[in-house]
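What you see below is based on every heavy atom in this structure, not just the backbone, and it leaves out hydrogens, waters and symmetry mates.
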Amino acid sequence: GWKGVARARKALHDTVRALRALARLTYRPFPSEMDATHSMLLDACWAAPQEPGAARKCSRSAMLRRRLERLMGQLFVLQDLDNNGFLEEEELVTLNQSIARMHYGSQADMNKVAEKYRELFRSKLSPDGIPVAFRTFRSYLAQVLDGIDGCPLAQEMILEQFVTEASCGRRALDRKSSCGLISEEVLDTTTARGPCSERCIVSI
C-alpha cells in the first residue's frame with residue numbers, strides 16, 4: 001500500500017546515506033557502480049505509486065515524455081547516415097530502400113521506394129529538398145504519432161518499432177559499406193535490439 005511504498009523509499013535513502021558516511025570515514029571514494037545502482041533504484045522508487053497529495057520528484061507523464069523524446073532522437077540519428085546532424089532526402093531514400101530490400105529481396109521495387117520517400121521528404125519535411133534539423137523532423141513525427149494513436153504509451157511502442165526497423169536497415173547498409181559511412185559507435189549507442197518486423201513501418 002501507500003505506507004509500504006513510503007517506508008521502502010525512506011529505507012532506500014537511509015541505506016545510501018549510511019553507505020556514503022561509511023565511505024567518508026574510511027577515506028575511500030563511494031563506488032561509481034553504487035551511484036548507478038542508487039540512481040536506478042531511486043528512479044524505480046519515485047515512479048511507484050505515492051500517497052495522494054504527496055509531492056512527486058518526477059511524474060510518470062514527464063518520464064514518458066522524456067522516453068518519447070529519446071526515441072525520436074534515436075530514430076533521427078539512425079536516419080542521419082553521414083552523422084552531420086541533418087536528415088537529407090537521399091538518406092531517407094537510402095535507408096528505406098535498405099529496409100525494403102530486407103523485406104522483399106530482389107522483388108523490391110527500388111525506383112518506387114525512392115519516388116515514395118522523395119515525395120514524402122518534399123511534401124512533409126522540406127519543399128526544396130534542403131536537409132532538415134531534428135526540430136523539423138520531430139515536429140512531423142509528432143504529427144504522425146498523433147494521427148496513429150493519441151495514447152503516449154502506444155506512441156512509445158510505435159516509436160520503438162520504428163527504431164528497430166531503422167536499426168535493421170542501418171546494419172544492412174553497414175555490412176555493404178566499404179568506406180565506413182555508418183559508424184559502429186552510433187549503432188552501438190542508438191539501436192534498439194530485437195528482430196525486424198515483417199512490415200516496413202519506418203515509412204513515416
Side-chain angles (χ1 to χ4, degrees), residues 36 39-40 43-44 46-47 56-100 102-103 113-114 116-174 177 181-204:
S39 177
M40 288 187 294
D43 286 345
W46 285 112
R56 290 171 178 259
K57 183 178 181 180
C58 181
S59 69
R60 288 176 177 174
S61 60
M63 294 176 67
L64 181 55
R65 285 196 298 271
R66 285 201 296 269
R67 292 202 298 268
L68 291 175
E69 289 290 333
R70 184 172 64 249
L71 286 167
M72 288 183 179
Q74 289 178 356
L75 185 59
F76 181 83
V77 170
L78 284 166
Q79 297 189 71
D80 177 18
L81 302 184
D82 61 5
N83 304 318
N84 69 348
F86 292 90
L87 176 61
E88 301 168 16
E89 181 177 316
E90 286 306 314
E91 290 176 330
L92 187 65
V93 169
T94 300
L95 181 62
N96 281 281
Q97 284 180 329
S98 175
I99 293 172
M102 286 190 306
H103 290 303
V113 173
K116 174 181 178 179
Y117 287 98
R118 286 197 176 96
E119 167 62 24
L120 185 150
F121 191 91
R122 300 277 177 143
S123 63
K124 303 297 184 180
L125 295 173
S126 174
D128 299 323
I130 299 173
V132 298
F134 174 68
R135 176 180 294 183
T136 302
F137 174 82
R138 180 199 175 282
S139 178
Y140 168 63
L141 184 55
Q143 294 177 16
V144 171
L145 293 171
D146 288 339
I148 297 174
D149 197 315
C151 174
L153 286 174
Q155 292 182 354
E156 182 181 22
M157 290 187 287
I158 292 168
L159 278 172
E160 287 174 345
Q161 192 66 28
F162 283 174
V163 169
T164 299
E165 286 282 338
S167 171
C168 291
R170 283 202 64 157
R171 289 195 187 102
L173 287 173
D174 188 51
S177 175
L181 178 63
I182 303 173
S183 168
E184 284 290 345
E185 181 180 356
V186 171
L187 290 175
D188 289 342
T189 57
T190 62
T191 55
R193 304 301 176 184
C196 298
S197 70
E198 295 181 356
R199 188 166 62 92
C200 178
I201 67 168
V202 76
S203 55
I204 58 173

Between [X] and [Y], what is the shortest heavy-atom contact and its length?
X	Y	result
Phe137	Leu125	CA-CD2, 4.2 Å
Leu78	Arg170	O-CD, 2.5 Å
Ala114	Gln97	CB-NE2, 3.6 Å
Leu141	Phe162	CD1-CE1, 4.1 Å
Ser98	Ala172	OG-CB, 3.5 Å
Leu87	Gln79	CD1-O, 3.5 Å

- With Arg122 via salt bridge (charged side-chain N to carboxylate O under 4.0 Å, His left out) - residues at least two apart: Glu89
- Item | salt bridge (charged side-chain N to carboxylate O under 4.0 Å, His left out) against Arg67, all qualifying residues, sequence neighbours excluded | Glu156
- Does Glu91 reach the main-chain N or O of Glu88 with its side chain, forming a donor-acceptor pair under 3.5 Å? yes
- Task: Using modelled atom types only, decide if a donor and an acceptor are shared between the side chain of Thr136 and the backbone of Val132 within a distance under 3.5 Å.
- Result: no
Point-to-point distance, once rounded to the nearest 0.5 Å, from [atom1] of [X] to [atom2] of [Y]:
X	Y	atom1	atom2	result
Lys116	Asn96	NZ	CG	7.5 Å
Cys168	His103	SG	NE2	7.5 Å
Ser126	Tyr140	OG	OH	13.5 Å
Glu160	Leu68	CD	CG	9.5 Å

- Item | Residues Glu165, Gln161; criterion side chain to side chain contact (heavy atoms under 4.5 Å, CB included); working and verdict | CA-CA 6 Å; Glu165 286 282 338; Gln161 192 66 28; 4.3 Å; yes
- Item | Pair listing, ring pair (Phe, Tyr, Trp, His ring centres under 6.0 Å) test, anchored in residues 79-99, at least two apart | none
- Pairs in or reaching into residues 70-80: which pass salt bridge (charged side-chain N to carboxylate O under 4.0 Å, His left out), with residues at least two apart or in two chains? none
- Item | Pairs satisfying salt bridge (charged side-chain N to carboxylate O under 4.0 Å, His left out), at least one member in residues 131-152, at least two apart | Glu69-Arg138
- Item | Intermediate values then yes/no, side chain to side chain contact (heavy atoms under 4.5 Å, CB included), Val113 and Val93 | CA-CA 7 Å; Val113 173; Val93 169; 5.7 Å; no
- Walk me through it: do Tyr117 and Thr94 pass the test side chain to side chain contact (heavy atoms under 4.5 Å, CB included)? CA-CA 9 Å; Tyr117 287 98; Thr94 300; over 6 Å; no
- Could you go through the side chain to side chain contact (heavy atoms under 4.5 Å, CB included) check for Leu81 and Glu90 one step at a time? CA-CA 9 Å; Leu81 302 184; Glu90 286 306 314; over 6 Å; no
- By ring-ring contact (aromatic ring centres under 6.0 Å, His included) - contacts of Phe134 (at least two apart): Phe76
- Are Pro152 and Arg65 close enough that some pair of their side-chain heavy atoms sits under 4.5 Å apart? no
